[in-house]
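Data first, discussion second: the structure below is written as structure tokens.
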Amino acid sequence: MKLPLAEKYRGRLEELDALRAQLAGAGKTGESGAAAVVAGRLLEVAGDLVRRSGALGAQAAQVRDVLKGLSSADVKAWADAVDLDELSRRLSRAADQAVEAAIPDSVDAGEAVARFVMQDLFARDRLESALIALDEAGKAGVSGAAAAAAQLRTRLASVDGKARRGVRALTAVNAERRQEAQLLDPAHRSVAWWLLERSGMEDDTLVRSLGGEAVGTLGAAEQRVSDDVKSPRRRRWSEEELLRMDMGLASDTEVAALRTEAASDPELKLVLAALEEGERAIEELTAAPRGTAPSNVVSMPADRPRPRPDRVEERADFRVLIFKARTVQVVVQATNSDRLAAAAVFLPDAPERPLPSESTEQGLSFDLGPSERLAAKRARVTVKLQSGETDSVDLSL
């Protein structure tokens, strides 16, 4: 099981005591090479603790007490063996591999490459810990420690300068870099460019963006969710809303919303047309004076011949008859009486408001108005069938 980062570094306290014993043993054998290796490891562990004292609760005095066991010969032997050329190669490799981690062949491959990148970055981090430990050793009185640290930092400047030019590639492992950087004390975090520089979340997609992907490109699953959220939604009307409108209880906002929805919903447009036609019929009935004699109603004689339409538009379930005289009349006629449910006619002057209609022997008749006012205009006839389907006919008048 992978330990949390803090737990991993907390084990350095026990490791520090073990390395002190190893260093003493290597000194007794007189093997300078072995002593240099142990000295280097002790410097790295001590520096890890000093640089993360806040997260780990390490005491500088405890660390310095262990570092007192270093000799100037151990420090010199270790410093002379530091291979900065190898470190430069590892930092360069980390930048190259980080690009592969940003655009991997699979999730597992991406995670594996990210681990390799971090291992190379840890080489630079361990050297930083060793340099900090040398500073502490110098404070503890170890001869040559401060001079060795200064000399290494001078040589390291050119390595860092070259490696930092590729820091944009390291943004591909920003999640891992941030976890490590958060454990460092603020003063040490600010100089750890290999962990901190361009590690903000705003830089996480930088490599993919430079590779041609759009900034903020989402994964396939996230993109599907985003598309669903952003997709336009039609506001489906309810029977309760229509009832409120029919009874005059709907607010102006509700009525406006229904009319807006009707612009893209032929079925709702027909429903609203039927409601308005019903309102007009009620007004005509209630407005007629009482006692009006049937003789006041002008009717067409039964023996009068029916006028012939000027044009006929045929559909499978209905036809539209256009009559032109002083006024223009449109008649919607069912070819199959059990298929036609409703019809409405709209003029471009009021595309959302249906024209009044009346039932005649020929079919549902609409009066469009004087012919001279309709020249070169168009009308739309919308028909709803019993099946729920709708059909439209555009007429040039």
Side-chain angles (χ1 to χ4, degrees), residues 232-239 241-243 245-246 255 257-282 284 299-397:
R233 284 166 168 72
R234 293 179 58 183
R235 179 182 177 276
R236 190 61 182 171
W237 42 275
S238 67
E239 293 184 3
E241 288 177 298
L242 295 175
L243 179 61
M245 183 175 179
D246 190 33
V255 173
L258 284 170
R259 294 197 183 283
T260 301
E261 179 70 13
S264 58
D265 190 333
E267 182 179 358
L268 179 57
K269 182 179 285 189
L270 283 171
V271 172
L272 296 185
L275 290 179
E276 294 190 11
E277 182 61 27
E279 286 293 327
R280 277 193 292 269
I282 293 173
E284 290 175 1
S299 60
M300 184 180 293
D303 57 349
R304 182 175 175 178
R306 294 177 181 175
R308 297 179 61 85
D310 293 275
R311 195 165 81 250
V312 178
E313 297 285 345
E314 291 278 356
R315 292 292 188 270
D317 298 292
F318 66 94
R319 67 175 62 94
V320 179
L321 314 179
I322 301 101
F323 299 89
K324 292 184 178 180
R326 287 183 301 175
T327 62
V328 177
Q329 303 285 330
V330 170
V331 176
V332 180
Q333 194 175 79
T335 56
N336 191 342
S337 60
D338 62 350
R339 290 276 292 164
L340 191 62
V345 177
F346 304 87
L347 288 176
D349 299 339
E352 304 304 324
R353 191 171 296 278
L355 295 174
S357 65
E358 63 174 334
S359 296
T360 67
E361 293 181 359
Q362 288 182 294
L364 196 59
S365 179
F366 300 85
D367 187 348
L368 277 60
S371 300
E372 65 271 12
R373 292 174 53 189
L374 298 172
K377 289 190 176 182
R378 302 184 67 85
R380 168 163 291 227
V381 180
T382 303
V383 175
K384 181 180 180 182
L385 304 177
Q386 294 288 355
S387 62
E389 300 175 3
T390 60
D391 197 355
S392 295
V393 179
D394 284 323
L395 303 175
S396 57
L397 303 175

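The chain is numbered in sequence order, starting from 1.
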Once you round to the nearest 0.5 Å, how far does [atom1] of [X] lie from [atom2] of [Y]?
{"X": "R315", "Y": "L385", "atom1": "CZ", "atom2": "CG", "value": "11.5 Å"}
{"X": "L347", "Y": "R353", "atom1": "CG", "atom2": "CZ", "value": "12.5 Å"}
{"X": "E358", "Y": "L364", "atom1": "CD", "atom2": "CG", "value": "9.0 Å"}

* Would you say D367 and L355 make side-chain contact, with heavy atoms under 4.5 Å? ->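 Not in contact.
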
* Asked: Within the side chain of S357, is there an N or O that forms a donor-acceptor pair under 3.5 Å with the backbone of S365?
  -> no

* Asked: Do the side chain of T327 and the main chain of L368 share a donor and acceptor less than 3.5 angstrom apart?
  -> no

* Asked: Among all residues two or more places apart in sequence or in another chain, which pass the side-chain contact (heavy atoms from CB on, under 4.5 Å) test with S371?
  ->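 With sequence neighbours excluded, S371 shows a side-chain contact (heavy atoms from CB on, under 4.5 Å) to V328, given in chain and number order.
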
With [X], which residues qualify under salt bridge (Lys or Arg N to Asp or Glu O under 4.0 Å), at least two apart?
{"X": "R373", "value": "none"}
{"X": "K377", "value": "D349"}
{"X": "R259", "value": "E276"}
{"X": "E313", "value": "R311"}

* **Heavy-atom pair with the smallest gap, counting every atom of A273 and A344** =>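 Taking every non-hydrogen atom into account, CB-CB, 3.6 Å.
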
* Go through the structure and list residues passing side chain to side chain donor-acceptor pair (under 3.5 Å) with E314, not counting sequence neighbours. => R319

* **Test side-chain contact (heavy atoms from CB on, under 4.5 Å) applied to L321 and D310, V331, V332, the passing residue** =>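 Of D310, V331, V332, side-chain contact (heavy atoms from CB on, under 4.5 Å) with L321 is met by V331 alone.
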
Residues 390-397, side-chain donor-acceptor partners within the protein, below 3.5 Å, at least two apart:
{"unit_1": "D394", "atom_1": "OD1", "unit_2": "R380", "atom_2": "NE", "d": "3.0"}
{"unit_1": "D394", "atom_1": "OD1", "unit_2": "R380", "atom_2": "NH2", "d": "3.3"}
{"unit_1": "D394", "atom_1": "OD2", "unit_2": "R380", "atom_2": "NH2", "d": "3.1"}

